[in-house]
Amino acid sequence: MLDIKLIREQPDTVRQRLASRRAGDEAKVDELLTLDEQRRKLLGEVEILKSQRNRVSKEIGALMGQKKLAEAEAKKAETRQIGDRIADLDKAVATAEQARDQILIRLPNLPHPTVPPGASSADNPVVRTWGSQPAFGFKPKSHVELCEHLRLVDFARGAKLSGSGFLLYTGWGARLERALIQLLLDVHVREHGYTEVSPPFIIGRDCMFGVGQFPKFEDQAYAVQEGQDGSTLGKLYLLPTAEAPVANIHREEILKESQLPINYVAYSPCFRAEAGAAGVGTRGMIRVHQFDKVELIKIATPETGYAEHEQMLAHAEKVLQLLGLHYRVVLLCTGDMGFASAKTYDIEVWAPGQGQYLEVSSVSNCEDFQARRMNLRYKTETGENRFPHLLNGSGTALARLFVALVETHQQADGSVSLPERLQPYLHADRILPG
RNA sequence: GGAAGGGUGGCUGAGUGGUUUAAAGCACCUGACUCGAAAUCAGACGUAGGCGCAAGCCUACCGGGGGUUCGAAUCCCCCCCCUUCCGCCA
C-alpha cells in the first residue's frame with residue numbers, strides 16, 4: 001500500500017511512477033485524491049461535533065452530581081440532535097474512507113529509480129551470467145524423457161490423482177526432491193545465517209492481503225472450506241508461497257531497531273491455481289499447480305534494505321553455483337514487476353533439454369509497501385515508529401530446479417550424475433535407471 | 001463439537017454508566033544527588049487520524065464488529081482468540 005500522504009503531497013510524481021509500470025493505474029489517482037479530500041472535510045466536521053458532545057456530556061454528569069436534574073434533562077434533549085448528526089456524518093466518513101481505500105489497496109508499488117523502464121520481459125536487462133551452457137556429445141533429452149526413463153516422476157498417475165499440473169514423484173525422483181529441500185535449507189541456515197521457520201500451509205486472508213496477493217489476485221488462489229460448510233469458504237487459503245505466512249509473522253507488531261535485520265528461511269509447498277493459464281506449458285514440470293520452494297524473507301531498515309536485497313540475491317545464486325548450474329540474473333523492468341515489488345531480480349537457470357532459461361527465483365524488495373498493509377513497524381533508537389523494508393526471494397523454487405538439474409547433469413547413457421554437494425543427501429553419485 | 005473461565009498500555013493488574021485525562025506497581029527514558037554507580041527524589045513515559053507556519057488543539061482506540069445512552073472499558077447482541085476440562089483424532 002502506498003503512503004496516502006505521499007500521494008497527497010506529490011501527486012504528479014506518484015502518477016508518473018505508476019505510469020512507468022504501464023498498467024494504467026495512474027488514472028485512479030485523481031479519484032483517490034477527491035475521495036481523500038472529501039473524507040478529511042467530513043472528518044473535520046464530525047470531530048467538532050464530537051468535541052461539543054463530549055463537553056456537554058461532562059456537564060450533564062456534573063449537573064446530575066449536583067442533583068440539578070431538570071437542567072440535566074434540558075441539556076440531554078439538546079444534545080440528542082447532535083448525536084443524530086454525528087451518526088450521519090460518521091457514516092459519510094466511513095463511506096468516503098472505504099471508497100478511497102478500495103482504490104488505494106489496489107495501487108501497485110512504485111518502482112525504485114534504478115529499475116529500467118520497459119513494457120515486458122523482453123526489456124529486462126541481463127545483469128550477469130554465471131557459468132556457460134554445457135556442451136553435450138549427444139542430443140540432450142528433456143526432463144520429461146529423463147523422468148520417464150529413470151522413473152523419477154509419474155506424470156500420468158499424478159494427473160490421475162489430482163488432475164493435470166500435479167506431480168507424483170517416485171523413487172529417486174522423490175528422494176532427489178527431498179534431498180534438494182534439505183540441501184537448500186542447510187545452505188541458507190548454516191552458511192547464510194537465516195533462521196529456519198516452518199509455517200502453516202493453510203493461511204488466513206490477512207496474510208494474503210498483507211503481502212499484496214489480495215484483493216487483486218484472489219482468483220489465483222486455492223480456497224479451502226471445512227467439510228460441507230460453505231460458510232467457511234473465503235477464510236483460509238492454500239499458500240501460493242511461503243512469503244505469505246512468513247512475511248506476516250510480525251504483522252501488527254512494533255519491532256526494535258536492534259532486532260533488524262530479521263532473516264527467515266522456510267520450506268513449503270506452493271499452490272497456484274494459475275487461472276486462465278490452462279494449456280500453457282502444461283507438459284512436464286515447468287508450470288504446475290503445486291511445487292516445493294525454499295523461500296528467504298528479510299525484514300530490514302530502509303537504510304539497509306537495498307544492501308540486503310543484493311545480499312539475498314547472492315544467497316539465492318549460491319544454490320545454483322553449488323549445483324553446477326548455468327544461470328543468468330535479469331533485472332525486471334518497470335512493466336514486468338510484481339504488484340508489491342519496488343525492485344526485482346529474477347534468476348533464470350539454463351535447461352539444456354528445453355533450450356531455454358527457466359525462472360527459478362525472484363528476489364524482491366517491497367520496501368514498506370507490505371509493511372504498511374500489515375501494519376508492521378519498528379521503533380528507531382530515537383523512539384520513532386517506522387515501516388521496515390520487507391524482502392522476499394526464492395532460494396529457490398524446486399520443480400524447475402529439478403528440471404535444470406537432471407537436464408544439465410544427464411549422461412549419454414541416460415543416467416544423471418549428482419553434484420558433489422548433493423551426494424551425501426542421496427548416498428549416491430548418480431541416478432541410474434531402475 | 002460440548003462446558004467453564006479469561007482477553008485492559010512494554011509487563012503485572014485495578015476499574016460493573018459520569019473530574020477516568022484508564023488507578024497503582026514494575027520496566028524503560030530524562031533530570032537532581034554522587035568522583036561514578038546503586039538507592040532515593042522529581043518528571044516524562046501508548047497507537048493512529050485530523051487541524052495548525054508553529055507552540056499546540058481536537059478525535060478515535062481497553063480482542064473485533066454492531067447496539068442501547070446525552071455519555072460505554074463498564075450494559076446488550078454477534079464473532080475471534082487464549083486457558084482448563086470432556087468428546088473425537090494423527
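Fair warning: this is a prediction, and the values are worked out from it, not measured in the lab.
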Show each protein N/O and nucleotides 50-52 of chain B N/O combination with a separation under 3.5 Å, one pair to a line.
from: B:rG50; atom 1: OP1; to: A:Arg8; atom 2: NH1; distance (Å): 3.1
from: B:rG50; atom 1: OP1; to: A:Arg8; atom 2: NH2; distance (Å): 2.6
from: B:rC51; atom 1: OP1; to: A:Arg40; atom 2: NH1; distance (Å): 3.2

Enumerate all atom pairs, one protein N or O and one N or O from nucleotides 69-76 of chain B, separated by less than 3.5 Å.
from: B:rC70; atom 1: OP1; to: A:Arg80; atom 2: NE; distance (Å): 2.8
from: B:rC70; atom 1: OP1; to: A:Arg80; atom 2: NH2; distance (Å): 2.7
from: B:rC70; atom 1: O2'; to: A:Ser57; atom 2: OG; distance (Å): 3.2
from: B:rC70; atom 1: N4; to: A:Lys76; atom 2: NZ; distance (Å): 3.2
from: B:rG71; atom 1: O4'; to: A:Ser57; atom 2: OG; distance (Å): 3.1

Detail all sub-3.5 Å separations between protein N/O atoms and N/O atoms belonging to nucleotides 80-83 of chain B.
none

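With 3.5 Å as the limit, one finds no donor-acceptor pair spanning the side chains of A:Ser361 and A:Thr396. For the 3.5 Å distance criterion, the side chains of A:Tyr378 and A:Glu384 fail to qualify, holding no donor opposite an acceptor. Side-chain atoms of A:Lys235 and A:Gln225 include no donor-acceptor pair closer than 3.5 Å.
If you measure from atom CD of A:Glu257 to atom P of B:rC29, you get 16 Å, rounded to the nearest angstrom. Separating the CD atom of A:Glu384 from the C1' atom of B:rG46 is a distance of 16 Å, rounded to the nearest angstrom. Between A:Arg373 atom CZ and B:rA48 atom P there is a gap of 19 Å when expressed in whole angstrom units. The nearest whole Å value for the distance from the CD atom in A:Glu45 to the C1' atom in B:rC58 is 15 Å. If you measure from atom CG of A:Asp90 to atom P of B:rG49, you get 18 Å, rounded to the nearest angstrom. One can place CG of A:Asp3 at 12 Å from P of B:rA48, the figure rounded to the nearest angstrom. Atom CD in A:Glu253 sits roughly 15 Å away from atom P in B:rU47 (whole-Å rounding). Nucleotide B:rG67 holds its P atom 13 Å from the CG atom of A:Asp84, rounded to whole Å.
A distance of about 10 Å separates the C1' atoms of B:rC62 and B:rU74, rounded to the whole Å. B:rA37 and B:rA32: their P atoms are spaced 11 Å apart (whole Å). Taking atom C1' on both B:rC26 and B:rG67, the two are 38 Å apart, rounded to the nearest angstrom. Rounded to a whole angstrom, the distance from the C1' atom of B:rG15 to that of B:rG25 is 15 Å. Straight-line distance between the P atoms of B:rC57 and B:rG63: roughly 28 Å, to the nearest whole Å. Rounded to a whole angstrom, the distance from the C1' atom of B:rU69 to that of B:rG1 is 38 Å. Separation of the P atoms belonging to B:rC89 and B:rC82 is 23 Å when rounded to the nearest angstrom. Spacing between B:rC11 and B:rU16 at atom P, rounded to whole Å, works out to 23 Å.
Under the Watson-Crick and G-U wobble criteria, each requiring two contacts below 3.5 Å, nucleotide B:rG49 is paired to B:rC58. Judged by Watson-Crick or G-U wobble contacts below 3.5 Å, the nucleotide B:rC41 has B:rG31 as its partner. Across the strands present, B:rC85 finds its partner in B:rG2; the criterion is a Watson-Crick or G-U wobble pair with both atom distances under 3.5 angstrom. Searching all strands for a Watson-Crick or G-U wobble partner of B:rC26 with both distances below 3.5 Å returns B:rG10. Judged by Watson-Crick or G-U wobble contacts below 3.5 Å, the nucleotide B:rU16 has no partner.
A:Arg377 comes within contact range of the sugar-phosphate backbone alone, with a heavy-atom separation under 4.0 Å but no base atom that close.
Nearest-nucleotide assignment on RNA chain B puts the 5′-proximal partner with A:Ala62, out of A:Asn385 and A:Ala62.
With sequence neighbours excluded, the residues forming a side-chain hydrogen bond (donor to acceptor under 3.5 Å, both in side chains) with A:Arg157 are A:Asp154, listed by chain and number. Residues meeting the side chain to side chain contact (heavy atoms under 4.5 Å, CB included) test with A:Arg421, sequence neighbours left out: A:Leu183, A:Val187, A:Glu191, A:Leu322. Here A:Thr380 pairs with A:Thr382 under the side-chain hydrogen bond (donor to acceptor under 3.5 Å, both in side chains) rule; sequence neighbours left out.
Taking the six-membered ring for Trp, A:Tyr237 and A:Phe271 have ring centres at least 6.0 Å apart. A centroid separation of 6.0 Å or more is found between the aromatic rings of A:Phe369 and A:Phe387.
Between A:Arg377 and A:Glu252 there is no salt bridge, since none of the side-chain N atoms of the basic residue sits less than 4.0 Å from a carboxylate O of the acidic one.
Just one residue in the list A:Glu148, A:Arg400, A:Glu407 forms a side-chain hydrogen bond (donor to acceptor under 3.5 Å, both in side chains) with A:His143, and that residue is A:Glu407.
Stacking of A:Arg373 on the aromatic ring of A:Phe209 is recorded, both the 6.0 Å distance cut-off and the 45° axial limit being met.
Checking the phosphate oxygens (OP1, OP2) of B:rA48, no side-chain nitrogen or oxygen of A:Asn375 falls inside 4.0 Å.
At most 12 heavy atoms of other shown residues, nucleotides or ligands fall within 6.0 angstrom of atom NZ in A:Lys91.
Ring orientation note: the planes of A:His192 and A:His188 are tilted relative to one another, at an angle of 30° to 60°.
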